[in-house]
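One structure is given below, encoded as structure tokens.
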Amino acid sequence: MVEKYSDDELKKTLDKTYEWGKAFSESKYFQDLTEEQQHESEFIVQTFTEYMYSYNLLIPEEWDERGLEECCLDTLPRKITADESYYKSIAPVLSSFFSFLEKKELLRNASKLAKKVKKIDKQIVKNSSDSSSWGMAKTMFMNAKKAGVDIENEDELKKFMYLFNQQQLANKKKADTIISLPASNLKKEKIGRNDQCPCGSGKKYKKCCGRNE
């Protein structure tokens, strides 16, 4: 079992699944996928591999159902900025990929992984659209896409990032100001008995709301 993160180990892991992916793309399992799923396939396999290792320290030989569930339901939806087609394709692509690996005897318990990812298909898509669980980077990128920013254009993205960060900072300062108001400012102002009643009746306070004091 891997106990410590290593860039070299990550590279070896990605290289291995890349080779598996090439063979997978020439198989009937890949051909059975839709055109959209085929298009997303390489990115899905590589991001799944990377995050299974980066966040769970699991190399392919150690992939298990628990790690798969955490990666697909939490890590990927929280970290990966992608269109809905990516998330809708995760379960079909990975289940076909695992079935291929089982057929070729390249991965232990591949059939269990295939069944597990099929079972959580809808939950993956649902979690990906829950903005409250997004990380800061994904929140910024998704807001940029929503605003019509070409995230492939470095200059456009930098300008948006600056404005986004300024807005976040302004919101934080506003919240801090509200929280840090001295208690004395929150106290009700003392009303004189001969003052006009604040309820809007037009009467003096002592003859209106202040009669029972």
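Quick caveat, the model's predicted, so the values are computed rather than measured.
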Discussion item. Surrounding CD of Gln38 (heavy atoms of other residues, nucleotides or ligands, distance under 6.0 Å), is the total greater than 12?
Written reply: yes
| task | Run the numbers on Ile80 and Phe43 for side chain to side chain contact (heavy atoms under 4.5 Å, CB included), then give the verdict. | result | CA-CA 11 Å; Ile80 298 295; Phe43 186 50; 4.2 Å; yes
Could you tell me whether the side chain of Thr17 and the main chain of Trp20 form a donor-acceptor pair under 3.5 Å?
no
Short question: side chain of Tyr87, backbone of Leu76 - any donor-acceptor pair under 3.5 Å? yes
> Is there a donor-acceptor contact under 3.5 Å from the side chain of Ser128 to the main chain of Val125?
Replying inline: yes
For the backbone of Gln37 and the side chain of Ser41, can you confirm whether one donor and one acceptor N or O come within less than 3.5 Å of each other? no
Report task. I would like to know whether Val93 and Phe30 meet side chain to side chain contact (heavy atoms under 4.5 Å, CB included); could you show each step before the answer? Result -> CA-CA 8 Å; Val93 167; Phe30 182 82; over 6 Å; no
By side chain to side chain donor-acceptor pair (under 3.5 Å), Asp83 pairs with (sequence neighbours left out) Lys145
Are Glu154 and Lys158 ion-paired here, with the side-chain N under 4.0 Å from a carboxylate O? yes
field: Sub-4.5 Å side-chain heavy-atom contact between Tyr5 and Ser54
entry: yes
CE of Met52 to CG of Leu68, rounded to nearest 0.5 Å, is 5.5 Å
Pair Leu113-Lys116, side chain to side chain contact (heavy atoms under 4.5 Å, CB included): steps then yes or no:
CA-CA 5 Å; Leu113 296 176; Lys116 182 63 176 181; 5.6 Å; no
Inset, instruction - Please examine the side chains of Thr13 and Pro60, heavy atoms only from C-beta on, and report whether any two atoms are closer than 4.5 Å. - result: yes
Closest heavy-atom pair, Ser85 versus Ser89, reported as atoms and distance to 0.1 Å, is O-OG, 2.7 Å
* Steps toward salt bridge (Lys or Arg N to Asp or Glu O under 4.0 Å) verdict (Lys16, Glu61) -> CA-CA 11 Å; Lys16 175 180 288 188; Glu61 293 78 10; 2.3 Å; yes
Do NZ/NE/NH1/NH2 and the carboxylate oxygens of Asp15 and Lys11 come within less than 4.0 Å?
yes
To the nearest 0.5 Å, atom OG1 of Thr34 lies from atom NE2 of His39 at 11.0 Å
dist Leu101:CG -> Arg108:CZ (nearest 0.5 Å) comes out at 13.0 Å
Exercise for review: May I ask you to check whether Asp8 and Ser6 show a side-chain donor-acceptor distance below 3.5 Å?
Suggested key: no
Q) So, do Glu102 and Leu107 sit near enough that their side-chain heavy atoms are less than 4.5 Å apart? A) no
So CD of Glu62 and OH of Tyr53: to nearest 0.5 Å the spacing works out to 10.0 Å
Checklist entry - Taking the six-membered ring for Trp, is the centroid-to-centroid distance between Phe48 and Trp63 below 6.0 Å? => result yes
Is it true that the side chains of Thr47 and Tyr86 contain a donor and an acceptor less than 3.5 Å apart? yes
- Query: Is there a donor-acceptor pair closer than 3.5 Å between any side-chain N or O of Lys138 and the backbone N or O of Lys79?
  - Reply: no
Review point. Counting distance only, does the side-chain N/O of Asp74 pair as donor-acceptor with the main-chain N or O of Glu70 below 3.5 Å?
Key: no
Q. Can any side-chain N or O of Asn109 pair as donor or acceptor with the backbone N or O of Lys112 at less than 3.5 Å?
A. no
*Taking Asp121 for the side chain and Ala91 for the main chain, is one N or O donor matched with an acceptor at less than 3.5 Å?*
no
Would you check, one step at a time, whether the test side chain to side chain contact (heavy atoms under 4.5 Å, CB included) holds for Thr49 with Tyr18? CA-CA 9 Å; Thr49 300; Tyr18 177 73; over 6 Å; no
Checklist entry - Would you say Asn56's side chain and Leu58's backbone share a donor-acceptor pair under 3.5 angstrom? => result no
Nearest heavy-atom approach of Cys72 to Ile90 is SG-CG2, 4.2 Å
Interatomic distance, OH@Tyr51 vs OG1@Thr75, rounded to 0.5 Å, equals 9.0 Å
All heavy atoms of Asn127 vs all of Ser133, minimum pair found to be O-OG, 4.0 Å
Taking every heavy atom of Gln31 against every heavy atom of Ser25, the minimum-distance pair comes out as NE2-O, 3.7 Å
Examine distances only and state if a side-chain atom of Ser27 and a backbone atom of Phe24 form a donor-acceptor pair shorter than 3.5 Å.
-> yes
One should read off an interatomic distance between Ile120 CD1 and Lys115 NZ, to the nearest 0.5 angstrom, of 15.0 Å
